Protein chains: 2
Amino acid sequence: MIRSAAFLAASCLAFAQTNPAAAAAHKWRQQHERAIVDEYIALLSIPNIARDKENLQRNAELISKMLEKRGVAAKLVSVPESNPVVFGEIRTPGATRTLVFYAHYDGQPLDAKEWATPPFQPVLRDKSLEKDGRVIPLPAADFDPESRIYARGAGDDKNNVITLIEALSVIRDAGLKMKSNIKLVFEGEEEAGSINFGKILAANKSLFAGDMFFICDGPVHQSRRQLITFGARGITTVDITVYGPRRELHSGHYGNWAPNPAMMLAQLLASMKDDSGRVLVDHFYDGILPLSDTEKHAIADAPEIDKDLMRELWLGSTENAPKKLGELINLPSLNIRGMASSRVGQGASNVVPSTATATIDMRLVKGLDHAVMAQRLVDHIQKRGYFIVDHEPSPDERMGHARVAKVIIEEGGYNAVRTSMDLPISREIIRTVQSARGTTVLMPTSGGSDPRDIVERVLHMPTIAIPTANHDDNQHTFNENLRIQNLWDGIELMAALLTM
Amino acid sequence: MIRSAAFLAASCLAFAQTNPAAAAAHKWRQQHERAIVDEYIALLSIPNIARDKENLQRNAELISKMLEKRGVAAKLVSVPESNPVVFGEIRTPGATRTLVFYAHYDGQPLDAKEWATPPFQPVLRDKSLEKDGRVIPLPAADFDPESRIYARGAGDDKNNVITLIEALSVIRDAGLKMKSNIKLVFEGEEEAGSINFGKILAANKSLFAGDMFFICDGPVHQSRRQLITFGARGITTVDITVYGPRRELHSGHYGNWAPNPAMMLAQLLASMKDDSGRVLVDHFYDGILPLSDTEKHAIADAPEIDKDLMRELWLGSTENAPKKLGELINLPSLNIRGMASSRVGQGASNVVPSTATATIDMRLVKGLDHAVMAQRLVDHIQKRGYFIVDHEPSPDERMGHARVAKVIIEEGGYNAVRTSMDLPISREIIRTVQSARGTTVLMPTSGGSDPRDIVERVLHMPTIAIPTANHDDNQHTFNENLRIQNLWDGIELMAALLTM
């Protein structure tokens with residue numbers, strides 16, 4: 001049965017919250033709503049694009065202060081050129097295990113012109129922009145749970161810096177006892193591909209060591225149920241530029257003689273996928289590690305949200321139908337991020353363009369190596385008759401070959417990871433989350449990619465992701481936002497996990 | 001035999017210039033080089049993008065003044081909303097025919113950021129920018145014939161406003177006699193598709209009537225030989241937008257489920273042409289009027305410039321090989337002007353884009369109607385499974401169809417025209433041009449499109465085009481330029497034709 005998101009949301013409130021820390025957080029939050037949002041907005045007001053090192057440092061310092069206000073000694077851990085990781089630790093007498101909680105404070109690059117309001121001037125809207133939500137003043141208390149905060153980082157991932165830090169206040173104010181040692185790790189380069197995170201972990205292995213690494217990042221299930229993901233797809237990103245004439249040419253004097261790079265690129269991209277969505281790159285699906293029975297059942301048990309999502313996103317069809325979203329994110333994908341050649345519409349000139357460029361990402365599942373997959377794509381381009389270069393081709397290279405493609409494999413690719421749902425600690429986490437948040441959706445693989453691969457490779461530690469943002473938070477694009485109820489739910493959930 | 005452009009250029013100087021008006025112009029020009037260039041630069045300094053009505057009016061007024069300085073009464077002819085046509089007339093006692101000379105003073109839209117120097121601040125460079133030409137001061141006399149003026153309109157088409165006007169000075173100063181009545185017509189909306197030119201002609205039929213309409217526009221042959229074109233391809237321009245999700249989506253969470261509009265567009269565009277360059281749109285080549293024997297011979301006699309051009313343009317292959325450029329511009333073409341979806345390279349985000357757009361132009365030959373050809377393209381898109389709209393599709397339209405394309409057929413399409421090379425006046429023009437400029441290249445069809453179609457439809461008058469710009473003048477793109485020798489040659493040629 002398909003149920004609407006709104007119906008599911010209402011039904012979510014009906015469960016019995018048996019987790020005492022979550023229940024304490026619920027009560028505490030109701031008394032501190034405005035103070036929580038003020039702290040959240042203060043953090044969102046500091047620009048957080050990874051290359052803006054000065055502001056990233058300011059973010060890290062504010063987070064350190066917030067930790068210290070909760071009695072947690074914080075320090076900044078760096079390697080040369082990196083933005084700092086904010087690290088905090090709580091030792092619990094008699095604890096026999098250590099839980100590490102991770103979130104990141106940097107955000108995706110952006111074009112401020114695309115935003116309805118400036119990305120680093122957070123505003124509250126009475127509902128989402130898609131529903132014509134309007135900017136409203138912050139109430140003194142009793143926030144509408146459907147109101148939303150708009151700012152870069154609102155849902156990805158400063159919200160989880162806040163949920164963790166506020167949960168610490170709950171634990172302190174409610175006098176709750178912790179059972180595990182706790183480490184808090186806030187990264188500042190996740191959206192830049194965690195380029196230095198591996199080096200930071202490698203240089204400080206014992207500092208970051210633990211028994212479970214929680215990635216607090218990403219959106220909950222589209223049904224609004226609490227999602228736990230036990231793995232993440234890997235990723236590799238490739239830029240492709242193909243070449244026509246040295247300069248743009250008059251399309252009348254040279255059109256159907258000069259090779260048109262936009263058409264060449266269209267033909268090349270079209271050769272990568274069939275009409276149904278199946279990727280045609282040779283060996284693309286070779287080597288995929290199969291799912292366990294528990295994992296297959298988890299996918300089958302997840303609520304079906306495809307039809308609701310299609311309505312929400314104005315879609316008349318989906319790729320790879322009749323396969324569902326939940327099944328598809330456990331398969332690799334090939335996606336065009338963007339495409340550009342000369343100009344279009346009002347700005348178009350009647351020319352044969354000189355170059356055409358596309359950026360492609362491939363999302364990878366367990367068993368597929370990112371470097372191997374990038375090479376498979378390069379091989380595909382070569383098989384289509386292209387001479388491949390990794391630099392701007394010289395005139396001789398362009399004249400010497402019928403087709404030339406510059407192919408740049410971006411740094412920062414990683415492999416997929418997957419923690420077994422059958423581990424004792426996995427089962428304990430599932431029980432804890434359900435006691436705090438009711439019915440869960442369990443996914444073997446998250447569609448997105450995150451630094452789990454680095455953590456597993458460097459620290460040999462299992463990872464599980466606990467997202468808290470709304471699924472329609474516009475992460476990675478303009479008008480990023482967080483639904484207020486998701487902030488409240490996140491604090492309750494983190495209180496439960498921190499006292500596990 | 002293939003000869004280099006430089007060799008051909010040198011050889012062009014060797015012919016005996018038997019035309020007395022051209023010879024007088026040659027001598028006169030040598031004495032007035034700086035004054036000619038000053039007048040040209042003054043005209044180029046006034047911005048001339050068709051929608052900038054205020055500056056277009058200033059252009060028209062300056063041209064009127066230039067005509068009046070030569071004793072030619074000028075007037076501005078308009079219809080509501082149009083930029084003015086500058087009209088001048090010289091009645092020759094005893095003349096039995098009227099020759100109409102046309103050029104346009106408006107220029108292609110531009111993005112000033114792409115230009116090496118501002119488009120409306122003309123500069124002289126010692127050679128072309130591609131050869132690292134540097135800005136040099138204007139000499140007092142004896143311009144280097146290989147130096148070039150850079151500005152919007154330099155080669156398309158303010159140069160021909162100047163060649164005609166300076167030729168009038170030659171005729172007056174050298175005391176040459178005219179044999180025909182002369183009309184001068186300078187349009188201000190050619191680059192906007194001559195949207196009002198037909199109305200202006202229709203409202204003033206007798207004013208513009210004559211026996212031959214010379215289109216003084218476009219580049220000479222790539223061999224630098226004087227080109228005469230007896231026809232022009234028609235054109236129709238189509239904007240296509242295809243739709244994915246309502247908003248950009250995270251490519252991890254939704255990639256290979258949400259339809260990717262960039263991939264859809266790539267597949268759609270790729271379906272329009274095969275790898276060799278043949279257009280796959282049904283009936284695309286149906287109805288083409290065959291060339292006459294004279295026309296076929298003219299194409300065969302044209303110097304082969306394909307290999308030189310490939311070197312100049314850094315091309316390793318051409319479309320539709322082994323057919324040559326001269327043959328191909330007598331066939332219809334389908335060209336992608338530009339393509340855009342989300343962002344690429346450094347600016348790319350890891351998203352599934354929301355829309356993708358391409359602008360396509362089709363160049364048409366005699367026998368193909370522009371509206372019919374646009375419909376053939378629309379039919380092709382429909383056959384690929386698209387629901388076609390001519391407006392931004394509503395959510396219901398997007399959800400109601402697996403694939404939705406917005407297809408906008410731009411206004412201002414026109415059909416191809418072709419004047420017979422065998423008419424007595426055609427033969428006389430060929431002889432006159434050869435007596436002024438030596439060996440000619442005769443082409444049944446120019447690759448470009450111009451208002452010939454409108455002239456033939458409204459005035460029922462034959463048209464022939466006499467280009468004077470260098471072929472590498474970057475018309476319609478940034479860094480447009482004119483080689484100084486082409487300006488000199490043009491003045492000689494116009495003096496010969498005006499006294500025909």
Side-chain angles (χ1 to χ4, degrees), chain A residues 108 233 239 245-246 248 250-253 255-257 259-260 262-263 266-267 269-270 273 277 311 313-320 325 328 333 335-345 348-353 356-359 361 363 395 398-402 447-449 475-477, chain B residues 108 233 239 245-246 248 250-253 255-257 259-260 262-263 266-267 269-270 273 277 311 313-320 325 328 333 335-345 348-353 356-359 361 363 395 398-402 447-449 475-477:
Chain A
Q108 272 277 319
R233 290 204 276 196
D239 285 298
R246 176 186 186 180
E248 293 187 350
H250 189 291
S251 66
H253 296 305
N256 62 337
W257 176 82
N260 185 309
M263 181 57 84
Q267 290 171 333
L269 295 171
K273 234 175 184 178
R311 268 192 293 277
L313 300 171
W314 297 353
L315 292 177
S317 64
T318 56
E319 269 193 4
N320 293 295
L325 178 57
L328 288 167
S333 72
N335 174 64
I336 305 175
R337 292 183 168 189
M339 203 162 66
S341 182
S342 190
R343 301 161 295 281
V344 297
S349 311
N350 50 358
V351 294
V352 178
T357 299
T359 299
D361 63 44
R363 300 283 174 169
R398 288 170 69 163
M399 284 185 280
H401 302 88
S449 310
Q475 66 174 140
H476 290 206
T477 180
Chain B
Q108 273 277 319
R233 290 205 275 196
D239 285 298
R246 176 185 187 182
E248 292 187 351
H250 189 291
S251 67
H253 296 304
N256 63 338
W257 177 82
N260 184 310
M263 181 57 86
Q267 291 171 331
L269 295 171
K273 235 174 182 178
R311 270 192 292 276
L313 299 171
W314 297 350
L315 292 176
S317 64
T318 56
E319 267 193 4
N320 294 295
L325 178 58
L328 288 168
S333 72
N335 174 66
I336 305 175
R337 291 183 169 189
M339 204 162 65
S341 182
S342 190
R343 299 160 297 281
V344 297
S349 311
N350 52 357
V351 294
V352 178
T357 299
T359 299
D361 64 43
R363 300 282 175 170
R398 289 170 70 164
M399 285 186 278
H401 303 88
S449 311
Q475 64 174 139
H476 291 206
T477 180

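As the structure is a computational prediction, the values presented were derived from the model and not from experiment. Protein chains get the first letters and strands the later ones, always in sequence-line order, with residue 1 at the start of each.
With contacts defined as side-chain heavy-atom distances shorter than 4.5 Å, the pair A:Met339/B:Thr357 does not qualify. Considering only heavy atoms from C-beta on, A:Glu248 stays 4.5 Å or farther from B:His476 through its side chain. Using a 4.5 Å heavy-atom cutoff, the side chains of A:Asn350 and B:Arg363 are in contact.
A donor-acceptor contact closer than 3.5 angstrom is absent between the side chains of B:Ser251 and A:Arg337. Inspection of the A:Asn256 and B:Asn335 side chains reveals no N or O donor paired with an N or O acceptor under 3.5 Å.
Ranking B:Gly345, B:Ser341, B:Ala348, B:Gly400 against chain A, the residue ahead of the rest is B:Ser341, based on heavy-atom pairs under 4.5 Å. Interface summary for chain B: among A:Thr359, A:Leu315, A:Thr477, the most heavy-atom pairs under 4.5 angstrom belong to A:Leu315. For the options A:Leu269, A:Asn320, A:Thr318, heavy-atom pairs under 4.5 Å to chain B are most numerous at A:Thr318. Counting heavy-atom pairs under 4.5 Å between each of A:Lys273, A:Met263, A:Arg398, A:His253 and chain B puts A:His253 at the top. With respect to chain B, the highest number of heavy-atom pairs below 4.5 Å among A:Pro395, A:Gly277, A:Pro245, A:Gly255 belongs to A:Pro395. Comparing A:Ser342, A:Pro353, A:Ala356, A:Ser333 by heavy-atom pairs within less than 4.5 Å of chain B, the highest count is held by A:Ser333.
The minimum heavy-atom distance between B:Ala270 and A:Ala266, with the atom names listed, is CB-O, 3.9 Å. The shortest non-hydrogen separation linking A:Ser317 to B:Pro259 is O-CG, 3.1 Å. The two residues A:Ala358 and B:Val344 come nearest to each other via the heavy atoms CA-CG1, 4.3 Å.
Heavy atoms of B:Asp361 lying under 4.5 Å from chain A belong exclusively to its side chain. For B:His401, the part sitting under 4.5 Å from any heavy atom of chain A is the backbone (N, CA, C, O) and nothing else. In this structure, chain A has heavy atoms under 4.5 Å from both the backbone and the side chain of B:Ala262. In this structure, the portions of A:Ala340 lying under 4.5 Å from any heavy atom of chain B include both its backbone and its side chain. With a threshold of 4.5 angstrom between heavy atoms, B:Gln108 approaches chain A through side-chain atoms but not through N, CA, C or O. Using a 4.5 Å cut-off between heavy atoms, B:Asp239 contacts chain A through its side chain alone, with no backbone atom that close.
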Side chain to side chain contact (heavy atoms under 4.5 Å, CB included) assessment of B:Met399 paired with A:Trp314:
CA-CA 5 Å; B:Met399 285 186 278; A:Trp314 297 353; 4.2 Å; yes
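Using modelled atom types, no side-chain atom of B:Arg343 and backbone atom of A:Gly338 make a donor-acceptor pair closer than 3.5 Å. Looking at B:Gln267, its side chain never comes within 3.5 Å of a backbone N or O of A:Gln267 through a donor-acceptor pair.
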